[in-house]
Amino acid sequence: MSSEPEAKRTKMSALDQLKEHSVVVADTGDFEVMKEYKPTDATTNPSLILSAAGMEQYQHILDKAIKYGKENGSNVEEQVAETLDMLSVLFGCEILKIIPGRVSVEVDARLSFDKDASISKAIKLINMFAEYGIKKDRILIKLASTWEGIQAARELEKKHGIHCNLTLLFSLYQAIACAEANVTLISPFVGRILDWYVEHTKKTYKGKDDPGVVSVTRVYNYYKKFGYKTQVMGASFRNTGEIRELAGCDLLTISPKLLQELADSEDPLKRVLDPKLAAETEMEKVSLSEAQFRWHLNEEQMATDKLSDGIRKFAADTRKLESLIKTLLVKQ
């Protein structure tokens with residue numbers, strides 16, 4: 001009888017089992033959550049920073065960023081912009097004190113169709129991190145997977161040695177363009193793909209039939225079959241079933257709620273995605289020109305809808321954050 005509790009104690013949680021197959025990334029701006037679940041990497045976006053900025057425990061970061069903005073902007077608009085950049089950097093610095101790996105920092109979604117402005121913003125953020133002693137190999141610059149965003153990433157990687165995370169990715173053709181540009185990482189949005197199909201088909205999807213799972217599996221297999229170095233990070237999960245079906249994906253970025261569900265479960269979790277299996281899949285290699293990229297993306301309604309919707313939502317949250325900053329600037 002005495003050995004039974006001991007056996008239970010030695011069981012691994014589903015989260016620990018997952019960490020044996022994939023790098024786990026915290027999809028949150030909450031430092032306490034990161035400390036609890038011990039992810040390797042972390043990711044931020046305007047929505048997460050907006051949420052965190054409203055929490056009392058992060059008020060000192062907001063105050064520091066506003067002070068920087070007031071000192072470095074000659075008018076309110078410039079002060080807001082400088083504060084916003086510093087807020088991203090300060091949150092990134094705090095996160096890097098907790099995690100051993102990298103933090104993803106987002107370029108303003110409103111620059112998604114401006115290659116040169118995206119490059120300038122990325123370099124500025126990297127230089128700001130450098131002033132706090134953070135080397136660029138611990139930063140991933142997040143850009144939307146538009147043609148312009150991908151080409152900005154190509155130049156940042158090749159000319160400046162700045163590693164990029166291409167986000168808002170919903171199609172194989174976006175993924176192929178990213179791989180051809182030699183970007184470090186892509187973030188296909190599993191849950192948002194599912195959302196679109198549920199809304200448009202009124203069907204219920206589970207397990208391997210989940211359209212988001214199908215899409216990411218296809219991208220992963222394509223990358224591994226043709227030997228691309230670009231890594232795949234599944235993102236935007238709606239349930240742990242999606243995560244389980246993508247165990248073995250290079251990285252998985254997971255919300256606190258789903259991290260907790262995995263930590264509480266001791267059900268077996270097996271690797272599903274595997275380079276050896278990917279090598280056996282039947283696929284043809286594709287090379288894309290800009291015209292071909294735009295055509296294929298246009299032909300895939302789900303990807304077109306979700307890419308534009310994602311950019312609008314990130315831009316909306318950035319404007320909300322700017323409004324908060326402007327109010328605080330006036331008060332101080």
Side-chain angles (χ1 to χ4, degrees), residues 26-34 42-97 103-132 134 139-144 146 148-149 152 162 164-165 167-168 236 255-256 307-332:
D27 194 4
T28 177
D30 190 327
F31 307 149
E32 298 308 313
V33 171
M34 295 176 204
T43 183
T44 66
N45 60 44
S47 309
L48 295 173
I49 291 178
L50 179 63
S51 175
M55 299 179 188
E56 189 176 342
Q57 63 264 42
Y58 304 131
Q59 190 61 45
H60 67 287
I61 295 177
L62 194 55
D63 290 342
K64 187 173 181 179
I66 288 171
K67 183 176 184 291
Y68 176 88
K70 292 187 83 167
E71 291 173 352
N72 289 273
S74 57
N75 55 53
V76 174
E77 285 69 29
E78 286 184 7
Q79 289 174 357
V80 170
E82 293 294 340
T83 300
L84 194 61
D85 287 344
M86 180 52 73
L87 201 54
S88 294
V89 171
L90 292 177
F91 265 99
C93 288
E94 290 300 316
I95 288 168
L96 289 172
K97 293 176 184 177
V103 64
S104 289
V105 179
E106 191 131 352
V107 165
D108 192 332
R110 293 169 295 186
L111 302 180
S112 295
F113 303 100
D114 190 330
K115 173 192 165 187
D116 292 338
S118 293
I119 291 171
S120 296
K121 179 66 75 174
I123 292 172
K124 180 186 177 185
L125 290 170
I126 290 294
N127 288 337
M128 289 174 74
F129 273 108
E131 290 178 9
Y132 282 89
I134 306 296
I139 308 296
L140 287 169
I141 293 294
K142 282 177 79 173
L143 298 154
T146 57
E148 294 81 4
I162 295 173
C164 298
N165 171 359
T167 188
L168 295 176
S236 175
S255 68
L307 173 61
S308 59
D309 180 61
I311 290 171
R312 283 194 299 271
K313 285 179 177 174
F314 279 158
D317 280 340
T318 301
R319 285 192 289 270
K320 288 177 187 175
L321 198 51
E322 286 177 335
S323 179
L324 172 65
I325 290 167
K326 188 175 289 188
T327 301
L328 295 171
L329 281 167
V330 172
K331 285 183 179 179
Q332 292 190 10

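Index from 1, following the sequence. What you see is a predicted model, and the numbers here were worked out from it, not measured in a lab.
One N or O on the side chain of Thr146 and one on the backbone of Ser112 form a donor-acceptor pair closer than 3.5 Å. Under the 3.5 Å distance criterion, the side-chain polar atoms of Ser323 are left unmatched by any main-chain donor or acceptor of Arg319.
Contact check for Asp317 versus Lys320: side-chain heavy atoms found under the 4.5 Å cut-off. The side-chain heavy atoms of Lys64 and Lys67, taken from C-beta on, include no pair separated by under 4.5 Å. Side-chain contact between Met86 and Asn72 is absent, with no heavy atoms from C-beta onward closer than 4.5 Å. When side chains are defined from C-beta on, Leu90 does not count as touching Tyr68, because their heavy atoms never get closer than 4.5 Å. Side-chain contact between Asp85 and Lys121: present, with at least one pair of heavy atoms (C-beta onward) separated by less than 4.5 Å. Using a 4.5 Å heavy-atom cutoff, the side chains of Thr83 and Leu328 are not in contact.
Taking CD1 of Ile134 as the reference point, atom CD1 of Ile95 lies at 11.0 Å (rounded to 0.5 Å). Note: Asn165 CG to Thr43 OG1 = 6.0 Å, rounded to the nearest 0.5 Å. Taking CG from Asp114 and CG from Asp108, the interatomic distance works out to 10.5 Å, rounded to the nearest 0.5 Å. With rounding to the nearest 0.5 angstrom, the OG atom of Ser88 is 10.5 Å from the CD1 atom of Ile139. Residue Leu84 holds its CG atom at 5.0 Å from CD1 of Ile325, rounded to the nearest 0.5 Å. Considering CD1 of Ile162 and CG of Leu125, their distance stands at 9.0 Å, rounded to 0.5 Å.
Residues Ile141 and Ala122 come closest through the heavy atom pair CG2-CB, 3.8 Å. Residues Ala315 and Ala109 approach most closely at N-CB, 4.0 Å, considering heavy atoms. When every heavy atom of Asp27 is checked against every heavy atom of Pro256, the shortest pair comes out as O-CD, 3.8 Å. For the residue pair Val89 and Phe129, the shortest heavy atom distance occurs at O-CE2, 3.4 Å. The shortest heavy-atom contact between Ser104 and Lys142 is CB-CD, 3.4 Å. The shortest non-hydrogen separation linking Ala26 to Met34 is CB-CG, 4.1 Å.
Among pairs with a residue in residues 42-63, those fulfilling ring pair (Phe, Tyr, Trp, His ring centres under 6.0 Å) read Phe31-Tyr58, Tyr58-Phe91, at least two apart in sequence or across chains.
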Next item on the list: Show your working on side chain to side chain contact (heavy atoms under 4.5 Å, CB included) between Glu106 and Thr318 and close with a plain yes or no.
Entry: CA-CA 11 Å; Glu106 191 131 352; Thr318 301; over 6 Å; no
